[in-house]
Amino acid sequence: MKKDLGRINGKTQLIGLFATPIGHSLSPAMHNLAFKKLGLNYAYLAFEVGNEQLEDVVTGMRALNVRGFNVSMPNKMNILPYLDELADSAKFTGAVNTVVNENGRLIGHSTDGMGYVRNLKEHGIDITGKKMTLVGSGGAATPIAIQSALEGLGEISIFARNDAFFEKAEENVRIINEEMKGSSCKAKVFPLEDQDALRAEIASSDIFTNGTGVGMKPLEGLSVIEDTSMLRPDLIVTDVVYNPVTSKLLEQAQAAGCNTINGLGMMLWQGAMAFEYWTGREMPVQYIKEQMFE
Ligand code: NAD
């Protein structure tokens, strides 16, 4: 062909994202940049889809025999009954963000926790046998707890506020202790209001993680840590928040001399894990980071 006719042709494969609201999502830019960079013939498009349309959408994706798709809120839990199989990441989390079509069978995965663990690896941190104190039990904190336990974490202490999420924290602890046969991780749950317990658990932890939206709008400038004497220089402090890039918690941790990691890497690597499932190729994460965030 003499002219550059663009990237889309008769063989281009669609990867969809189904969520609502969707306009703010960074995933289409991230995946399309990566497809272009690696010369892969895929296109990633976001669609405004809620629970009401979800079953029809999955039926449509099966009929089109797409390679896979992402779902985000409010569909991460509701999609489970429409899939053929769940990988451990999704089964223990009770949520799916990535679907892969393996010869007509739709397999659900949850790559958020994988992205978290992989990002730690990229920072030279191996979680094997380590202890983590984690705040939260929602959509971000749950896959962090589950995947860390699946990937060799030794101990996890989960702190949750006395709200609707406390039961989910108890459930996550039960799943890690009782249902994960191959894991030796020991999990405990505490109310976030118990500051003495928080101090004690952080004191014996290698990693402290904020898995809540505290620190991000509308809670910008707030931190899950009130007493910064709980932080010490050899503690690794991570946050799911990436906007702002340095949350109040990470500011406190930096002032205390801790190694700090924000939520940007988790977000990029959860996409990279999905990308790898669909294409069998590693996403050029450093390139994407430079293009999108630097
Ligand atoms: P969610 O609503 O599912 O869960 C919120 C959690 O925060 C719950 O455990 C809740 O108890 C806790 N919480 C809320 N307000 C609190 C407060 N004032 N004090 C203490 N705990 C509080 O939300 P989510 O989907 O888990 O998202 C949480 C944050 O994580 C958001 O800021 C989101 O942008 C971010 N996130 C980041 C990534 C990433 O890849 N970095 C991925 C998903 C979500």
Side-chain angles (χ1 to χ4, degrees), residues 17 19-22 24-27 29-31 70-78 89 93-98 109-120 122-123 133-148 156-173 189-195 197-198 208-226 237-250 260-275 283 285 288-289 292-293:
L17 164 61
T20 184
I22 196 62
H24 65 283
S25 174
L26 299 174
S27 294
M30 172 167 56
H31 287 285
N70 280 138
V71 290
S72 193
M73 292 314 279
N75 301 321
K76 283 185 167 186
M77 272 93 84
N78 292 65
S89 61
T93 305
V96 160
N97 75 335
T98 299
H109 301 260
S110 169
T111 67
D112 287 314
M114 292 178 195
Y116 176 81
V117 175
R118 175 62 190 265
N119 184 46
L120 289 191
E122 292 294 314
H123 284 82
T133 292
L134 168 72
V135 182
S137 52
T142 293
I144 290 175
I146 295 297
Q147 195 65 30
S148 298
I156 186 163
S157 293
I158 300 176
F159 285 78
R161 210 167 57 147
N162 189 12
D163 62 16
F165 286 93
F166 193 79
E167 270 180 32
K168 181 61 181 152
E170 292 179 314
E171 169 76 354
N172 290 344
V173 163
V189 61
F190 301 88
L192 184 57
E193 293 76 14
D194 187 345
Q195 292 290 304
L198 185 63
F208 175 67
T209 300
N210 174 42
T212 78
V214 177
M216 190 180 160
K217 276 196 182 101
L219 304 173
E220 196 168 347
L222 301 179
S223 166
V224 289
I225 293 285
E226 284 163 22
V237 178
T238 80
D239 204 326
V240 291
V241 171
Y242 53 84
N243 185 14
V245 284
T246 309
S247 63
K248 175 76 179 178
L249 170 66
L250 296 193
T260 61
I261 301 174
N262 69 19
L264 189 59
M266 172 180 172
M267 195 271 290
L268 286 166
W269 281 105
Q270 63 75 30
M273 299 289 116
F275 186 92
M283 181 184 262
V285 170
I288 302 293
K289 202 171 159 192
M292 290 180 67
F293 301 103

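Each residue takes its place number in the sequence, starting with 1. As the structure lists them, so they are numbered: ligands from 1, and atoms in each ligand from 1.
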*Please report which non-hydrogen protein atom sits nearest to atom 33 (C) of ligand 1, along with the residue it belongs to and the distance in Å to one decimal place.*
Met216 SD, 4.3 Å
*asked:* So which atom in Phe166 and which in Arg161 form the shortest heavy-atom distance, rounded to 0.1 Å?
replied: CB-O, 3.6 Å
*Do Thr212 and Asn210 get their side chains close enough for a donor-acceptor pair, meaning under 3.5 Å?*
yes
*Distance from atom 18 (N) of ligand 1 to nearest protein heavy atom, with residue and atom*: Arg161 NH1, 3.2 Å
*Around atom 31 (C) of ligand 1, find the nearest protein heavy atom and jot down its residue, atom name and distance.*
Gly213 CA, 3.8 Å
*So, for Pro244 and Gly215, which heavy atoms are closest and what is the spacing to 0.1 Å?*
CD-O, 3.4 Å
*Check each atom of ligand 1 against the heavy atoms of Gly136 and keep those under 4.0 Å away; list them by number with element.*
9 (O)
*Does ligand 1 have an atom under 4.0 Å from some heavy atom of Ser137?*
yes
*Whether over 12 other heavy atoms sit under 6.0 Å from Glu167 CD*: no
*Which option, Gly139, Gly265, Gly271, owns the non-hydrogen atom nearest atom 25 (O) of ligand 1?*
Gly139
*asked:* Can you report which non-hydrogen protein atom sits closest to atom 10 (C) of ligand 1, along with the distance?
replied: Phe165 CD1, 3.5 Å
*Classify the side-chain pair Thr209/Thr238 by whether it contains a donor and acceptor separated by less than 3.5 Å.*
yes
*Heavy-atom distances under 4.0 Å are what count here, so tell me which part of Met266 touches ligand 1: side chain, backbone, both or neither.*
both
*Check whether any N or O atom of Met267, backbone or side chain, sits under 3.5 Å from an N or O atom of ligand 1, and answer yes or no.*
yes
*Do any nitrogen or oxygen atoms of Gln270 lie less than 3.5 angstrom from nitrogen or oxygen atoms of ligand 1?*
no
*atom 26 (O) of ligand 1: which protein heavy atom is closest, and how many Å away?*
Ala140 N, 2.7 Å
*asked:* Using a 4.0 Å cutoff against the non-hydrogen atoms of Leu192, which atoms of ligand 1 qualify?
replied: 20 (C)
_Can you give me the closest heavy-atom contact between Ala274 and Thr111, atom names plus distance?_
N-CG2, 4.0 Å
*Closest non-hydrogen protein atom to atom 13 (N) of ligand 1, residue and atom name please, with distance?*
Thr212 CB, 4.0 Å
*Do other residues, nucleotides or ligands put more than 12 heavy atoms under 6.0 Å from Lys248 NZ?*
no
*Which atoms of ligand 1 are found less than 4.0 Å from any heavy atom of Gly138?*
3 (O), 4 (O), 9 (O), 26 (O)
_Tyr242 N/O under 3.5 Å from ligand 1 N/O_ = no
*Taking the side chain from Asn97 and the backbone from Asn70, do they hold a donor-acceptor pair closer than 3.5 Å?*
no
*Asp239 and Ser247: side chain donor to acceptor below 3.5 Å*: yes
*Which pair of non-hydrogen atoms, one from Val189 and one from Glu170, has the smallest distance, and what is that distance?*
CG1-CG, 4.1 Å
*For ligand 1, the portion of Asp163 having any non-hydrogen atom under 4.0 Å away*: side chain
*Would you check whether Val224 has a nitrogen or oxygen atom less than 3.5 angstrom from a nitrogen or oxygen atom of ligand 1?*
no
*Considering non-hydrogen atoms only, spot the tightest contact between Leu198 and Phe208 and give its length.*
CD1-CE1, 4.3 Å
*Quick one: nearest non-hydrogen protein atom to atom 38 (C) of ligand 1, plus distance?*
Val240 O, 4.1 Å
